[in-house]
Student: 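One structure, as structure tokens, below. Some questions next.
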Amino acid sequence: MRKTVVIIGGGAAGMSAASRVKRLKPEWDVKVFEATEWVSHAPCGVPYVVEGISPKEKLMHYPPEVFIKKRGIDLHMKAEVVEVSQGTVRVREENGEHTYEWDYLVFANGASPRVPAVEGVDLPGVFTADLPPDAVAIRDYMEKNSVENVVIIGGGYIGVEMAEAFSAQGKKVTLIERNERVMAKAFDKEVTDVLEEEMRRRINLHPQEIVLRIEGKERVERVITDAGEYKADLVILATGIRPNVELARELGVRMGETGAIWTNEKMETSVENVYAAGDVAETRHLITGRRVWVPLAPAGNKMGYVAGSNIAGKELHFPGVLGTSVTKFFDVEIGKTGLTETEVIREGYDVRTAFIKAGTRPHYYPGSRPIWLKGVVDNETNKLLGVQAVGAEILPRIDTAAAMLTAGFTTKDAFFTDLAYAPPFAPVWDPLIVLVRVLKF
């Protein structure tokens with residue numbers, strides 16, 4: 001029997017869900033409503049479009065025609081869902097409002113920036129940097145206005161990446177972070193110390209400052225904090241995001257303890273035939289088993305795939321996440337998987353840790369660069385609980401560690417993992433193996 005599937009949101013999770021349903025049930029009617037003119041978009045690419053190293057068009061992984069013509073998806077762009085009820089959605093489109101029926105509904109409408117409640121956030125020249133339209137707006141503003149001084153408010157992933165984007169263009173960048181250090185929620189201090197050393201060489205870094213207001217007449221001119229005043233021709237608000245759960249609340253969908261939509265392993269919500277995937281949905285942490293909200297692209301794509309599979313009758317479970325992530329500031333890369341020492345102590349684990357510095361090549365082979373690794377191990381079971389890295393060539397170490405954590409490796413298991421070796425690629429004792437050796441079995 002032909003069914004109608006309505007998906008709210010045409011980002012990674014939404015288009016993955018839509019594509020999966022059409023693959024398994026090509027005769028079904030799959031409708032996607034996306035509020036912007038961007039689908040299958042890559043928000044993680046926003047800083048690189050702002051920097052000028054990638055054209056804005058590349059922020060769509062596939063153009064709309066792929067989904068419409070090749071996959072048979074009924075894709076509606078510039079279509080904002082304004083009301084959700086049992087069996088129907090009301091959508092505001094360019095040619096007016098329309099009501100559509102659904103047999104299955106997927107919330108894949110992502111998250112929105114948290115805008116601080118301070119005076120001046122609505123001034124011209126003040127931007128968020130969350131979605132592709134933000135990148136376009138920032139580039140347009142820079143082309144039309146003289147921009148030399150950039151102030152970034154917030155020192156998380158987006159703040160750090162945007163600091164690089166502007167500094168690489170020769171702008172004078174000031175980053176203001178209310179915590180005692182950048183990326184404090186994601187990494188332990190030893191790790192961020194290495195990152196901050198490089199950041200202080202290139203930008204003005206001001207931790208432990210609170211923004212009081214943003215000032216300007218016709219456009220932004222300065223940012224006032226509790227410790228100083230900073231000239232600003234452009235301001236980036238990188239103060240976090242929140243899941244877009246308002247429509248789901250209208251339908252009576254249960255919210256999780258994180259504030260995102262509660263889902264089970266099939267990505268089903270508390271309402272029959274209603275699913276949620278991507279940045280709007282919470283899931284489970286693979287180590288602690290606790291409910292977590294980790295709005296990252298790889299998990300979002302997989303959640304959408306799982307939701308689409310289950311809607312189409314092919315049972316598939318999403319096991320959860322480790323929060324694996326990487327980014328960089330110029331030549332200093334930083335990443336993690338699993339839990340930090342701060343997090344495991346908060347969870348009540350009895351742990352031991354190690355923090356090492358190593359080289360990425362043997363001493364006799366040119367091109368070796370420093371890498372620092374921190375590991376956390378459960379004293380009772382000897383299981384790895386988390387790995388953090390900063391420096392050069394961290395991705396293979398973080399990805400390998402993520403696989404180890406997923407498999408429940410002990411330090412002994414990790415030590416005897418048969419990793420590849422050749423002088424152009426790594427030392428004979430890979431830094432990750434050195435780390436678990438220091439952690440002991």
Student: Between the side chains of Glu148 and Lys172, is the shortest nitrogen-to-carboxylate-oxygen separation below 4.0 Å, so that they form an ion pair?
Tutor: no
Student: Check for a donor-acceptor pair, side chain of Asn264 on one end and backbone N or O of Met267 on the other, with a separation under 3.5 Å.
Tutor: yes
Student: Spell out, as yes or no, whether a donor-acceptor pair under 3.5 Å connects the side chain of Glu197 to the backbone of Val194.
Tutor: no
Student: Check this for me, if you would: do Lys357 and Glu190 make a salt bridge, where the nitrogen-to-carboxylate-oxygen distance has to be below 4.0 angstrom?
Tutor: no
Student: Specify whether Tyr100 and Phe33 have parallel, tilted or perpendicular ring planes, treating 30° as the upper limit for parallel and 60° as the lower limit for perpendicular.
Tutor: tilted
Student: Decide whether a cation-pi geometry holds between Arg254 and Trp262; the criteria are a distance under 6.0 Å from NZ or CZ to the six-membered ring centre and an angle within 45° of the ring axis.
Tutor: yes
Student: Any non-hydrogen side-chain atom of Lys266 less than 4.5 Å from a side-chain atom of His317?
Tutor: yes
Student: Under a 3.5 Å distance rule, please check whether Thr192 uses its side chain to pair with a backbone N or O of Leu195 as donor and acceptor.
Tutor: no
Student: Any donor-acceptor pair under 3.5 Å linking the side chain of Glu221 with the backbone of Lys217?
Tutor: yes
Student: For Arg201, is there an ion pair with Glu198 - N to carboxylate O distance below 4.0 angstrom?
Tutor: yes
Student: Side-chain contact test, heavy atoms from C-beta onward, threshold under 4.5 Å: evaluate it for Met142 versus Gln169 and give yes or no.
Tutor: yes
Student: What about Tyr305 and Phe318, are their ring centers closer than 6.0 Å?
Tutor: no
Student: Identify whether the distance between the nearest side-chain nitrogen and carboxylate oxygen of Arg2 and Glu27 falls below 4.0 Å.
Tutor: no
Student: Should the pair Glu164-Lys328 be classified as a salt bridge under the 4.0 Å nitrogen-to-oxygen rule?
Tutor: yes
Student: Between Arg369 and Glu393, does any side-chain N to carboxylate O distance fall below 4.0 Å?
Tutor: no
Student: Would you call Asp193-Lys189 a salt bridge at under 4.0 Å N-O?
Tutor: yes
Student: Knowing that exactly one of Thr4, Val106, Val6, Val21 qualifies, which makes a side chain to side chain contact (heavy atoms under 4.5 Å, CB included) with Val30?
Tutor: Val21
Student: Can you see whether Phe425 has Arg361 sitting over its ring - NZ or CZ less than 6.0 Å from the centre and within 45° of the normal?
Tutor: no
Student: Does the Lys171 side chain pair with the main chain of Val147, one donor and one acceptor, at a distance under 3.5 Å?
Tutor: yes
Student: Using a strict threshold of under 4.0 Å (side-chain N to carboxylate O), is an ion pair present between Glu257 and Arg290?
Tutor: no
Student: A side-chain contact here means heavy atoms from C-beta on lying under 4.5 Å apart; do Arg219 and Tyr141 qualify?
Tutor: yes
Student: Go through it in stages, so that I can follow the logic: the residues are Asn95 and Glu93, the test is side-chain hydrogen bond (donor to acceptor under 3.5 Å, both in side chains), and I'd like the CA-CA distance, side-chain angles, deciding distance and then a yes or no.
Tutor: CA-CA 5 Å; Asn95 62 347; Glu93 302 183 67; over 6 Å; no
Student: Using 4.0 Å as the upper bound for N to carboxylate O, is an ion pair formed by Arg213 and Glu215?
Tutor: yes
Student: Before you tell me yes or no, could you show the steps for His76 and Glu34 under side-chain hydrogen bond (donor to acceptor under 3.5 Å, both in side chains), namely the whole-Å CA-CA distance, both residues' side-chain angles and the distance that decides it to 0.1 Å?
Tutor: CA-CA 6 Å; His76 298 239; Glu34 167 56 41; over 6 Å; no
Student: Would you say the ring centroid of Tyr275 lies under 6.0 angstrom from that of Phe107?
Tutor: no
Student: Any Lys/Arg nitrogen of Lys31 or Asp29 sitting under 4.0 Å from an Asp/Glu carboxylate oxygen of the other?
Tutor: yes
